[in-house]
> 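Sharing a structure below in structure tokens format, with a few things to ask.
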Amino acid sequence: MPELPEVEAVLRTIRPFVEGRTIVRCRVLHPIAVRPSSGRGAKRVAAMLTRMLPGRTILRTERRGKYLALILDRGAIAMHFRLDGQLLWFDTAETKGHVDVALQFDHGTLGFVDPRHFGRFQLEDSIDQTPGIRDLGIDPLLSEFTAERFAELLAASARPLKIFLLDQNKVAGIGNIYSNEAMWHARLSPLRRAHDLNATEVRRLHKSIVDVLGRALECCLRPAPDFRDPNWWFQGLEKILRVYGREGRKCRRCGDRIARTAQGGRSTFWCKRCQK
DNA sequence: CCTGCTACCTGATGGC
DNA sequence: TGCCATCAGGTAGCAG
């Protein structure tokens with residue numbers, strides 16, 4: 001469940017399910033989901049979560065970049081969905097299908113689900129001190145994400161624009177889809193060096209990022225995710241996408257064929273004619 | 001410090 | 001149908 005808009009939509013939708021609720025039981029069905037990034041000790045961590053989480057109350061839910069955090073009365077749960085992770089809600093204590101971690105409340109059970117096991121569910125002392133979150137860059141939905149601040153970040157990097165946009169420690173929350181979309185809207189080549197953009201181009205890209213993420217968020221919220229449906233997914237995103245996944249098809253602006261180029265081992269979709 | 005490459009996992013899809 | 005290659009919305013760790 002990928003990038004900032006999707007995580008934000010999940011956050012807003014899950015909030016009324018869990019805020020103010022006390023965890024009754026925690027089951028770690030696939031310990032790999034709680035494995036620390038050091039790579040060892042999954043079983044031990046699973047046992048600790050099972051022991052420590054019951055009795056704790058979720059005070060509020062927050063987002064940090066693509067992380068979703070459940071702030072507890074003591075400590076916080078940090079979830080990262082990577083490519084395919086998602087949340088499910090069960091009205092009962094039982095869960096069905098693949099669930100990695102089950103947080104049971106008195107009114108139902110929240111499931112952290114990621115069959116691919118890239119995603120992570122971790123208990124931290126302090127959400128903003130945890131590795132991966134501590135160094136996150138500016139959140140593009142907040143007012144502190146200004147064109148001026150963005151210009152400073154770009155000016156300090158010689159990397160290709162696409163790679164720069166994926167760096168969570170610069171601007172937090174943009175992923176492969178919306179980096180492609182933002183560059184297309186701004187008519188900028190993904191191969192351009194970040195520090196080579198002029199002031200006009202920086203403003204164009206800044207506006208494109210804000211617009212693209214905002215439109216995607218609206219799309220993700222209507223209709224809102226239905227966590228009770230094991231097959232829920234965001235509907236209608238494809239209709240707002242202009243370049244992502246459109247290799248070989250016509251550019252919606254100039255009619256040229258959309259190209260696909262590998263950058264940093266990932267696919268960049270762009271129009272070579274109108275993105276300069 | 002920055003940069004580029006690889007590993008981590010599983011499932012879906014398409015060509016033969 | 002089976003098999004293989006390729007692809008996937010992400011990031012940490014490593015070497016240079």
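Letters A, B, ... mirror the listed sequences (proteins, then strands); counts begin at 1. Hydrogens, waters and symmetry mates play no part in the numbers below; they use all other heavy atoms, side chains included.
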> Determine the interatomic distance between P on B/dT6 and the same-named atom on C/dT6; round to the nearest Å.
15 Å
> Can you tell me how far P of C/dG9 sits from CD1 of A/Ile240, to the nearest Å?
16 Å
> Measuring from the side chain of A/His80 (C-beta onward, heavy atoms only), which nucleotide among C/dC7, C/dT11, C/dG9 has the closest atom?
C/dT11
> In terms of side-chain heavy atoms, does A/His117 have a donor or acceptor partner in A/Asp100 at a distance below 3.5 Å?
yes
> Under a 3.5 Å cut-off for both contacts, is C/dT11 paired Watson-Crick or G-U wobble with anything, and if yes, with which nucleotide?
B/dA7
> Considering only atom P, compute the distance from C/dC14 to B/dC9 and round it to an integer number of Å.
15 Å
> In whole Å, I'd like the distance from the CZ atom of A/Arg159 to the C1' atom of B/dC1.
12 Å
> Whole angstroms only, please: what is the CZ-P distance between A/Phe269 and C/dG9?
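Rounded to whole Å, this separation is 7 Å.
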> Under 4.0 Å, counting only non-hydrogen atoms across every strand here, what does A/Ser267 touch: a base, just sugar-phosphate, or nothing?
sugar-phosphate
> Using whole Å, what does the distance between atom P of nucleotide B/dT10 and atom CZ of A/Arg120 come to?
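Taking CZ of A/Arg120 and P of B/dT10, I get 11 Å after rounding.
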> If hydrophobic clusters are built by linking Ile, Leu, Val, Met, Phe, Trp and Tyr wherever their side-chain heavy atoms come under 4.5 Å apart, do A/Trp184 and A/Val210 end up in the same one?
yes
> Measure from the side chain of A/Ala158, starting at C-beta and using heavy atoms only, and say which of C/dG13, C/dG9, B/dT3 lies closest.
B/dT3
> Would you say a side-chain N or O of A/Lys66 is under 4.0 Å from OP1 or OP2 of C/dG9?
no
> Step through it carefully: locate the ring centre of A/Phe17, locate the ring centre of A/Phe105, and say whether they are under 6.0 Å apart.
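Not under 6.0 Å, so no.
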> Expressed as a whole number of angstroms, how long is the span from A/His195:NE2 to B/dC2:P?
14 Å
> What does B/dG15 pair with, Watson-Crick or G-U, if both distances are under 3.5 Å?
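Base-paired to C/dC3.
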> Flag yes if more than 12 heavy atoms outside A/Arg44 fall under 6.0 Å of its CZ atom; otherwise flag no.
no
> With a non-hydrogen cut-off below 4.0 angstrom, is A/Gly265 in contact with a base, only sugar-phosphate, or nothing?
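Contact class for A/Gly265: none.
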> Base, sugar-phosphate, or nothing: which does A/Phe164 touch, judged by heavy atoms less than 4.0 Å apart?
nothing
> So which nucleotide from C/dT11, C/dC7, C/dG9 ends up closest to the side chain of A/Trp233?
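For the A/Trp233 side chain, the nearest candidate turns out to be C/dG9.
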> Quick one: is A/Gln168 getting a side-chain N or O under 4.0 Å of the C/dT11 phosphate, OP1 or OP2?
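Affirmative; the distance criterion is met.
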> Mind checking if A/Leu166 touches a base, just sugar-phosphate, or nothing, with heavy atoms under 4.0 Å?
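Since no nucleic acid heavy atom lies under 4.0 Å of A/Leu166, the category is nothing.
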> Please give the nucleotide sitting opposite B/dC1 as a Watson-Crick or G-U wobble pair, both distances under 3.5 Å, or none.
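Check on B/dC1: unpaired, no WC or wobble geometry under 3.5 Å.
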> Quiz question: by atom type and distance under 3.5 Å, do the side chains of A/Thr22 and A/Thr57 form a donor-acceptor pair?
yes
> At under 4.0 Å, does any side-chain N or O of A/His117 touch on OP1 or OP2 of B/dC8?
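So the side chain of A/His117 is outside the cut-off, no N or O lying under 4.0 Å from OP1 or OP2 of B/dC8.
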> Should the side chain of A/Arg116 and the base of C/dA8 be counted as holding a donor-acceptor pair, with the cut-off at 3.5 Å?
yes
> Start at the 5' end of DNA chain B and walk down; is the nucleotide closest to A/Gly264 or to A/Lys170 reached first?
A/Lys170
> Let me know the distance between CG of A/Asp135 and P of C/dT11, rounded to the nearest Å.
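Atom-to-atom, A/Asp135 to C/dT11, this comes out as 13 Å.
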> Less than 3.5 Å apart, any donor N or O on the side chain of A/Asn231 or A/Trp233 sitting next to an acceptor on the other?
no
> Donor-acceptor pair, distance only, cut-off 3.5 Å: does the side chain of A/Arg149 make one with the backbone of A/Ala151?
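No: the side chain of A/Arg149 does not pair with the backbone of A/Ala151.
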> Taking atom C1' of C/dA12 as reference, at what distance in whole Å does atom CZ of A/Arg82 sit?
7 Å
> Hey, is the side chain of A/Arg266 poking within less than 4.0 Å of OP1 or OP2 on B/dC5, counting only N and O atoms?
no
> Take atom CG of A/Asp114 and atom C1' of C/dG9, then tell me their distance rounded to the nearest Å.
12 Å
> Any N or O donor-acceptor pair linking the side chain of A/Glu3 to the base of C/dG9 at under 3.5 Å?
no
